[in-house]
Amino acid sequence: VYDKVDCRLWRFALRRISCASASSIMGAKETMPWHMHMFALAVCFFAPPIWRHCVNTSLMQPVLSEESEKRVAASTPVEDISSFLQAGVNVTSVHAHATDLTMSQQRKEHVDDHRTGKPLDHHLRPNLGGDPEVVDFGIYIKNFFGIKTTKNEFTVDIVLALRWNDPRVSALVPASTELDSRTISSLEAQNSMWLPDIVITNRDIGGQDQISAAVKIHKDGTVMKTERLLLRVKQHFDVTAFPFDYQTLKIVLSSATLMKTDLVMRAMTNSAVNGAKSGLFDDREFKFVSDETSVFEEIDGILEKSRGKLEVTLRRDWTRYLQTTILPEIFLILISFTVFWMPRATPFAMPRVATNLISFLTLMTLSINTASMLPRDRAGMAWIE
């Protein structure tokens with residue numbers, strides 16, 4: 001913009017001077033006085049700096065509030081662009097300091113509102129700024145759909161029970177009724193109250209389907225969430241002793257958002273909400289041995305979580321493998337040893353070779369079939385291999 005203004009002014013001045021010179025040479029009377037040409041030259045020299053100053057001032061002037069303008073005016077007069085920039089820096093620091101004070105005041109108001117029992121934003125946990133939230137949990141296995149050893153996964157149908165305390169939810173129970181509690185849907189709970197966001201952490205990708213969910217709130221602030229989930233859980237299995245092995249199924253849960261400084265898990269002592277359904281494993285490949293619910297802390301770098309865990313120990317029923325794998329292999333080995341009792345005569349040469357080869361090939365087929373029932377990423381070999 002500056003270059004275009006300069007060029008236009010210079011072309012105007014040169015045009016006037018050239019016209020005046022040509023008129024003088026031809027003897028014609030100059031119609032425009034010389035003082036007009038001098039004015040054009042003065043405009044060429046002085047107009048561009050004035051134009052630049054006006055443009056810079058209008059484009060770079062900071063937007064200040066009334067209090068900031070008074071402070072800048074009282075401190076030092078704004079004379080040029082550098083003064084304007086310095087004033088903008090001072091105002092920015094003032095705004096940053098005001099923002100910090102506002103945030104600290106909001107945190108203080110949040111703590112004060114919590115102490116006085118006032119309702120808070122449902123996106124904030126009840127004890128924000130204080131002790132971590134305590135969430136009681138219980139995992140109850142309703143159905144079991146088997147273990148896929150080759151894929152390192154198992155499928156279960158569980159009932160997940162969560163319990164915590166939030167005094168703010170008492171406002172959601174109508175005071176006009178004599179009821180002490182109210183049951184709402186999971187969607188309504190997400191829009192009206194704080195939820196701990198508990199998830200199964202060792203589930204497979206896309207391996208969690210919610211069948212039903214309900215949230216029960218009490219006037220005393222107790223919240224009970226009951227959720228039925230169909231899970232496909234990932235886990236490595238130790239198959240060294242296959243098929244006489246024991247497997248421990250683990251279901252691990254924790255908050256998806258809060259660290260251990262904000263939320264800790266605690267196992268429920270009621271056996272009705274923990275463990276496995278009675279008689280669930282009576283007609284399955286695995287037999288029930290024991291179950292245990294516990295809590296542990298896990299630290300992975302900056303990820304610090306409080307996690308809950310249900311462990312169910314199962315014993316594999318080896319009788320079916322005795323008939324399909326173990327006994328056939330024993331019989332094949334015994335058959336292969338019969339060649340030592342065959343006569344060494346020439347007519348028995350081919351029967352001896354055929355018996356050994358058939359036994360060996362059949363044993364290899366059974367070995368391949370056994371290996372197909374075990375995980376490919378296992379460490380070492382099972383004894384049966």
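For this chain, numbers begin at 1 and follow the sequence in order. Reckoned from all heavy atoms, side chains included, excluding hydrogens, waters and symmetry mates.
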Notebook entry, point to check: Given side chains that start at C-beta, do those of L195 and L162 come closer than 4.5 Å, heavy atoms only?
Noted result: no
Margin query: Between T365 and L361 (side chain of the first, backbone of the second, donor and acceptor by atom type, cut-off under 3.5 Å), is there such a pair?
Written below: yes
Notebook entry, point to check: In terms of hydrophobic clusters joined by side-chain contacts under 4.5 Å, are I330 and F244 together?
Noted result: yes
Checklist line | Residues T355, M342; criterion side chain to side chain contact (heavy atoms under 4.5 Å, CB included); working and verdict | finding: CA-CA 11 Å; T355 302; M342 291 183 181; 3.7 Å; yes
Margin query: Would the distance check show the side chain of R352 and the main-chain N or O of P343 forming a donor-acceptor pair, the cut-off being under 3.5 Å?
Written below: yes
Next item on the list: Can you establish whether the number of heavy atoms outside K234 located under 6.0 Å from its atom NZ is more than 12?
Entry: yes
Margin query: Keeping Q235 on the side-chain end and T248 on the backbone end, is there a donor-acceptor pair under 3.5 Å?
Written below: yes
Item checked: Test side chain to side chain contact (heavy atoms under 4.5 Å, CB included) applied to I141 and L310, step by step -> CA-CA 10 Å; I141 299 180; L310 171 66; 4.1 Å; yes
Check: For Y246 and V289, which heavy atoms make the closest approach, and how far apart are they?
Finding: CE2-CG2, 4.1 Å
Margin query: Please check: side-chain N/O of D209 versus main-chain N/O of L230, any donor-acceptor pairing under 3.5 Å?
Written below: no
Checklist line | V135 to P196 - nearest heavy-atom pair and separation | finding: CG2-CB, 4.1 Å
Next item on the list: Please examine the side chains of T293 and F137, heavy atoms only from C-beta on, and report whether any two atoms are closer than 4.5 Å.
Entry: yes
Next item on the list: Indicate the atoms forming the closest heavy-atom contact of V173 with L179, along with that distance.
Entry: CG1-O, 4.0 Å
Check: Between the main-chain N or O of M268 and the side-chain N or O of N274, is there a donor-acceptor pair closer than 3.5 Å?
Finding: yes
Next item on the list: Check whether any side-chain heavy atom of F154 lies under 4.5 Å from a side-chain heavy atom of V233, and answer yes or no.
Entry: yes
Margin query: Taking L322 as the starting point, is it possible to reach F242 by hopping between hydrophobic residues whose side chains are less than 4.5 Å apart?
Written below: yes
Margin query: Is it the case that over 12 heavy atoms from other parts of the model lie below 6.0 angstrom from the NZ atom of K216?
Written below: no
Item checked: Side-chain touch T240/W383, heavy atoms, less than 4.5 angstrom -> no
Note to self: Is there a continuous path of hydrophobic side-chain contacts, each under 4.5 Å between heavy atoms, that joins V223 to V264?
What the structure shows: no
Check: Once you round to the nearest 0.5 Å, how far does CG of D238 lie from CD of Q247?
Finding: 6.5 Å
Next item on the list: Tell me whether I326 is reachable from L334 by hopping between hydrophobic residues (I, L, V, M, F, W, Y) whose side-chain heavy atoms are closer than 4.5 Å.
Entry: yes
Notebook entry, point to check: What residue pairs, at least two apart or across chains, pass ring-ring contact (aromatic ring centres under 6.0 Å, His included) with a residue in residues 285-309?
Noted result: none
Next item on the list: Return yes if some donor-acceptor pair links the side-chain N/O of D291 with the main-chain N/O of E311 below 3.5 Å, else return no.
Entry: no
Item checked: More than 12 heavy atoms from other groups under 6.0 Å of CZ on F145 -> yes
Check: So, for S372 and T150, which heavy atoms are closest and what is the spacing to 0.1 Å?
Finding: O-CG2, 3.2 Å
Notebook entry, point to check: Are side-chain heavy atoms of N356 and S336 found at a separation under 4.5 Å?
Noted result: yes
Item checked: Criterion side-chain contact (heavy atoms from CB on, under 4.5 Å) against D136, the qualifying member of R163, M265, M224 -> R163
Note to self: I'd like to check R125 versus L263 (side-chain heavy atoms, cut-off strictly below 4.5 Å). Are they in contact?
What the structure shows: no
Note to self: side chain to side chain contact (heavy atoms under 4.5 Å, CB included) for T325 and L366? Distances and angles first, verdict last.
What the structure shows: CA-CA 7 Å; T325 304; L366 287 176; 5.7 Å; no
Item checked: Neighbour count >12 (heavy atoms, 6.0 Å) for atom NZ, K277 -> no
Next item on the list: Determine whether more than 12 heavy atoms belonging to other residues, nucleotides or ligands lie under 6.0 Å from atom CD1 of I205.
Entry: no
Checklist line | Distance, nearest 0.5 Å, that separates CZ of R232 from CD of E153 | finding: 5.5 Å
Checklist line | Straight-line distance of S294 OG to K309 NZ, nearest 0.5 Å | finding: 4.5 Å
Margin query: If I take atom CD1 from residue I200 and atom CD1 from residue I139, how far apart are they, to the nearest 0.5 angstrom?
Written below: 5.0 Å
Next item on the list: Output yes when a side-chain donor or acceptor of K287 lies under 3.5 Å from a complementary backbone atom of D317, and no otherwise.
Entry: no
Notebook entry, point to check: Within a radius of less than 6.0 Å around CG of D131, do more than 12 heavy atoms belonging to other residues, nucleotides or ligands occur?
Noted result: no
Notebook entry, point to check: Is the CZ atom of F331 crowded by more than 12 outside heavy atoms at less than 6.0 Å?
Noted result: no
Item checked: S181 versus H218, closest heavy-atom pair with distance -> CB-ND1, 3.4 Å
Margin query: Using side-chain heavy atoms (C-beta onward) and a distance below 4.5 Å, is D245 in contact with F237?
Written below: no
Notebook entry, point to check: After noting the C-alpha distance and the side-chain angles of I384 and E329, does the key distance pass the side chain to side chain contact (heavy atoms under 4.5 Å, CB included) rule?
Noted result: CA-CA 10 Å; I384 198 173; E329 290 183 355; 4.2 Å; yes
Next item on the list: Taking K219 for its side chain and V169 for its backbone only, find out whether a donor-acceptor pair lies under 3.5 Å.
Entry: no
Note to self: Can a donor-acceptor pair be found, under 3.5 Å and without considering hydrogens, that links the side chain of R284 to the backbone of F144?
What the structure shows: yes
Item checked: Closest non-hydrogen atom pair between T201 and S254, with its separation -> CG2-OG, 3.2 Å
Item checked: Close side-chain approach of R315 to F281, heavy-atom, < 4.5 Å -> no
Next item on the list: Hey, could you give me the NZ/CD distance between K250 and E292, rounded to the nearest 0.5 Å?
Entry: 11.0 Å
Check: Any donor and acceptor pair, going by atom type alone, linking the side chain of S170 with main-chain N or O of P167 inside 3.5 Å?
Finding: yes
Item checked: Presence of salt bridge, R182 and E188, under 4.0 angstrom -> yes
Checklist line | Cluster overlap I198 with V273, hydrophobic side-chain contacts below 4.5 Å | finding: no
